[in-house]
Each structure stands twice: as structure tokens, then as C-alpha cells.
Amino acid sequence: QVQLVESGGGLVQAGGSLRLSCAVSGRTFSSYTMGWFRQAPGKGREFVAGISRNEVTTLYADSVKGRFTISRDNAKNTVYLQMNSLKPEDTAVYSCALRPTNLVLKTVVDYNYWGQGTLVTVSS
């Protein structure tokens, strides 16, 4: 029904930057929010950032505030995560997710559709 495809992951040195992309295809919704989550080795999945359709509302995990920026291009049905000043603890599989509503939330259970994930590895 809805397909999310992430790209842009890779290997980067501490202090470097990466830009992740998430393309949305299939069924369209009048209003939806997008979120980025990550799962580090041996850890549970955690919220990273979220954004509403009109880009007015954004939320960030405390661990990435000031370093990561979420944005979206609705004409391209694409959401981005710009990651700057990367740290080794940012190493994880990053996944994008979609909620068919205009309310931005941080919890995994509230997102209905998920991408396959893209691996980000930050070396020290």
C-alpha cells in the first residue's frame, strides 16, 4: 500500500556529515507526518526526528539536537535527515516511518509504515 525507501547511509569519520533520504510511493494521504528512527547494535529502536507535512512542527531526540536536521520536499514525496558532527554513538541502522496524521509523535508504535533501513557507521 505504501512503500518507503531509505538511501544515503555509509561509513563516515567522527565529526563528518551524511544526508539520508526517504522516498515515499504508493498510496497518498491528505496529511501525514514523517519520522526517522535508529537502532544501534544490541539496542532497541529509538526516535531521532519527526516533521509535519507543512514543515511547521519538528521534533528531535535530545541526543541529536543541534546536530541533525529533518526536512521534506512534498513535491518529490521525499524526507531528508541531514546529520552533522557525527559521533561514534550515532552508529545505527536508520529507518524512516510514516503516520497518516498531522500530529508528530516520538513513539515507534504510532508510526504505521516503515522503510527497510540504511546503515550509518561512524568511526572514531
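Here disulfide (SG to SG under 2.5 Å) pairs that include residues 95-124, with residues two or more places apart or in two chains, are Cys22-Cys96.
Judged by a 6.0 Å distance limit and a 45° cone about the ring axis, Arg45 is not positioned over the six-membered ring of Tyr111.
In this structure, Thr69 OG1 and Asn84 CG are separated by 6.5 Å, a value rounded to the nearest 0.5 Å. Atom CD in Glu89 sits 8.0 Å away from atom CZ in Arg38 (nearest 0.5 Å).
For Lys87 and Asp90, the salt-bridge test fails: no basic side-chain N is under 4.0 Å from an acidic carboxylate O.
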### Message
For Thr33 and Ile51: C-alpha separation, side-chain torsions, deciding distance, then whether side-chain contact (heavy atoms from CB on, under 4.5 Å) applies.
### Response
CA-CA 6 Å; Thr33 62; Ile51 187 170; over 6 Å; no
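Side-chain atoms of Val104 and Thr58, non-hydrogen and from C-beta on, never get closer than 4.5 Å to each other. Using a 4.5 Å heavy-atom threshold, the side chains of Lys106 and Leu59 count as touching. Between Val24 and Leu98 there is a side-chain heavy-atom pair separated by less than 4.5 Å. In this structure the side chain of Tyr80 never reaches within 4.5 angstrom of the side chain of Leu20, judged on heavy atoms. Using a 4.5 Å heavy-atom cutoff, the side chains of Thr101 and Tyr32 are not in contact.
Note: Phe47 and Tyr60 fail the aromatic proximity criterion, with ring centroids not under 6.0 Å apart. A centroid separation of 6.0 Å or more is found between the aromatic rings of Phe68 and Trp36.
The backbone N or O of Gly9 sits less than 3.5 Å from a side-chain atom of Thr118, completing a donor-acceptor pair. With Thr78 contributing its side chain and Lys76 its backbone, the two residues share a donor-acceptor pair below 3.5 Å. Distance alone, capped at 3.5 Å, places no donor-acceptor pair between the Arg99 side chain and the Met34 backbone. For Arg72 (side chain) and Ser52 (main-chain N/O), a donor-acceptor pair under 3.5 Å exists by modelled atom type.
Leu86 pairs in a side-chain contact (heavy atoms from CB on, under 4.5 Å) with only one of the listed residues (Val122, Thr91, Thr121, Val64), which is Val122. Each of Gln82, Arg67, Met83 was compared with Ser17 under the side-chain contact (heavy atoms from CB on, under 4.5 Å) criterion, and only Gln82 meets it.
Side-chain contact of Gln1 with Tyr113: a donor-acceptor pair under 3.5 Å is present, judged by distance alone. Glu6 and Gln116 share a donor-acceptor pair across their side chains, judged by distance under 3.5 Å alone.
In the hydrophobic cluster analysis, where Ile, Leu, Val, Met, Phe, Trp and Tyr join through side-chain heavy atoms closer than 4.5 angstrom, Leu4 is grouped apart from Val93.
The salt bridge (charged side-chain N to carboxylate O under 4.0 Å, His left out) test applied to Arg19 returns no partner, not counting sequence neighbours.
As a member of the Ile/Leu/Val/Met/Phe/Trp/Tyr network built from side-chain separations under 4.5 Å, Leu103 groups with Leu105.
Of all heavy-atom pairs spanning Ser95 and Gly117, the tightest one is OG-CA, 3.5 Å.
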